[in-house]
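To start, the structure itself, in structure tokens.
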Amino acid sequence: MSFLTRWWKPKEPAPSTAPVARERLQVLLSHERGATGQSNLLGLIKEDVLAAIKRHISVPSEAVHVKVERRKAISTMRISLDLPK
Amino acid sequence: MSKVIVITSGKGGVGKTTSTAALGSALALQGKSVVVVDFDVGLRNLDLIMGAERRVVYDLINVTQNQAKLHQALIRDKRVENLWLLPASQTRDKDALNEKGLARLMKELRAQFDYVVCDSPAGIERGAILAMRHADEAVIVTNPEVSSVRDSDRIIGLLDSKTERAEKGAKVEKHLLITRYDQARAGRGDMLKIDDVMEILLVPLLGVIPESEQVLRASNIGQPVTLANPLSAPARAYGDAARRLLGESVMMNVPHERQNLIARIFGGRAA
């Protein structure tokens, strides 16, 4: 039977990649818009919040996840931290 | 009232020249007098896409430097009566384009045509800035892909700062044209969706051009896709986009190729 299950194993669908692209772009562009003189309120807030956190605990930058959602009327930013135990 | 529209993107290879030719000819088919202007000095290609490469005598640089009159450089399209091409120079570089001569030329073009459609070179250097300089409106051509979206964002910033309109405190009206869109891949979550791109760039949508083999087929034979195969999906999408540019409200949908019964049964792709 094992050779059969090896053949017939249903293919797992590849995880979708578009949401990753979307999130990477949102974070990147909120940063770049500041560097090129476009409106970058969110980017500035992000920097300030991160600086405040780093004054109290030292976290590596890969432990910080920033998610920015831009909509026509409002934008939201979520910053999550992996806190060391 | 005549309008100057720049077709721009930042990134190369996303479909600026294809879109210039297709939108320009679609506007002309709607009865407007149109000139498509190639700003890609040194790397001209609009002549090739329009099928006029063997008719180029004088070019944009000759006119801006007073070496030729505008009417000597304009090439009339052989298929659509009220469509004209002003080719770029192939042997010069972008520094040969001077601002004064260009301003004079744009004034002359405005007086003569309803629509002046400018095909921008890729990049954010002088050539791209000059192409957008006199624009009233901009079509930002974007592929649903991270590098193209990032570069479009950069171009939007330049449209808001480096154009004549921006310097006068006015706005260049911006339109987003998503090209090479594949509905099936977006549906599977493998390609940015139209809403994603719009939400990131915050520019109103002019149209969505589906990925299609018709685009390459049209460029092979030197015809804008709107003329080569008017019933094909990209041609219909460009036609809709052109009508929206004219101010018509056209329902937004992504045209797809019509498959005939045999192709459907055998799972083949529509021609």
Side-chain angles (χ1 to χ4, degrees), chain A residues 5-51 60-82, chain B residues 8-11 14 123-125 128-129 132 138 140 142-163 166-167 171-172 174 176 178 180-205 208 211:
Chain A
T5 49
R6 202 177 304 154
W7 278 358
W8 284 350
K9 196 156 69 183
K11 255 195 201 155
E12 270 180 44
S16 62
T17 52
V20 182
R22 190 189 130 107
E23 201 169 323
R24 288 175 61 215
L25 274 168
Q26 276 170 329
V27 171
L28 176 74
L29 293 183
S30 74
H31 195 77
E32 282 185 349
R33 278 171 188 157
T36 55
Q38 298 174 52
S39 107
N40 185 37
L41 184 61
L42 292 180
L44 294 174
I45 294 172
K46 187 187 102 177
E47 296 298 318
D48 283 357
V49 171
L50 289 182
S61 48
E62 58 268 22
V64 184
H65 313 279
V66 182
K67 190 175 175 183
V68 183
E69 276 195 39
R70 281 169 187 274
R71 298 185 188 282
K72 278 237 161 93
I74 54 156
S75 297
T76 59
M77 178 173 15
R78 200 162 57 206
I79 299 180
S80 58
L81 286 176
D82 300 335
Chain B
T8 185
S9 69
K11 188 175 183 300
V14 297
I124 52 170
E125 312 299 323
I129 301 297
M132 67 169 68
I140 299 144
T142 307
N143 291 167
E145 174 268 328
V146 285
S147 54
S148 175
V149 175
R150 179 198 217 173
D151 292 1
S152 291
D153 192 71
R154 193 72 201 281
I155 279 292
I156 290 166
L158 295 175
L159 286 166
D160 288 336
S161 60
K162 301 274 178 159
T163 52
E167 284 172 5
K171 280 240 161 181
V172 173
K174 295 181 283 271
L176 177 64
I178 298 178
R180 307 199 66 169
Y181 187 70
D182 186 328
Q183 201 142 34
R185 295 179 75 185
R188 285 199 300 270
D190 283 340
M191 183 182 269
L192 287 167
K193 289 191 170 63
I194 297 161
D195 286 348
D196 292 337
V197 181
M198 282 176 70
E199 192 187 310
I200 292 166
L201 294 178
L202 295 175
V203 172
L205 187 63
V208 181
E211 170 82 64

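Order of the sequence lines sets the chain letters (A, B, ...), proteins ahead of strands, with each chain counted from 1. The structure presented is a predicted model; accordingly, all values stated were derived computationally and were not measured.
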Inset, instruction - Would you check if A:Leu28 and B:Arg150 make a side-chain contact, meaning some heavy-atom pair closer than 4.5 Å? - result: yes
Legend entry - Check: A:Leu25 and B:Leu192 side chains under 4.5 Å, non-hydrogen atoms: yes
Legend entry - Heavy-atom pair of closest approach, residues B:Gly189 and A:Pro19: O-CD, 4.0 Å
Inset, instruction - Could you check if a side-chain atom of A:Gln26 sits within less than 4.5 angstrom of a side-chain atom of B:Glu199, using non-hydrogen atoms only? - result: yes
Inset, instruction - Can you see which heavy atom on B:Asp196 is nearest to which on A:Arg22, and at what distance? - result: OD1-NH1, 2.7 Å
Legend entry - For the student: nearest non-hydrogen atoms of A:Pro15 and B:Asp190, plus distance: O-OD1, 4.2 Å
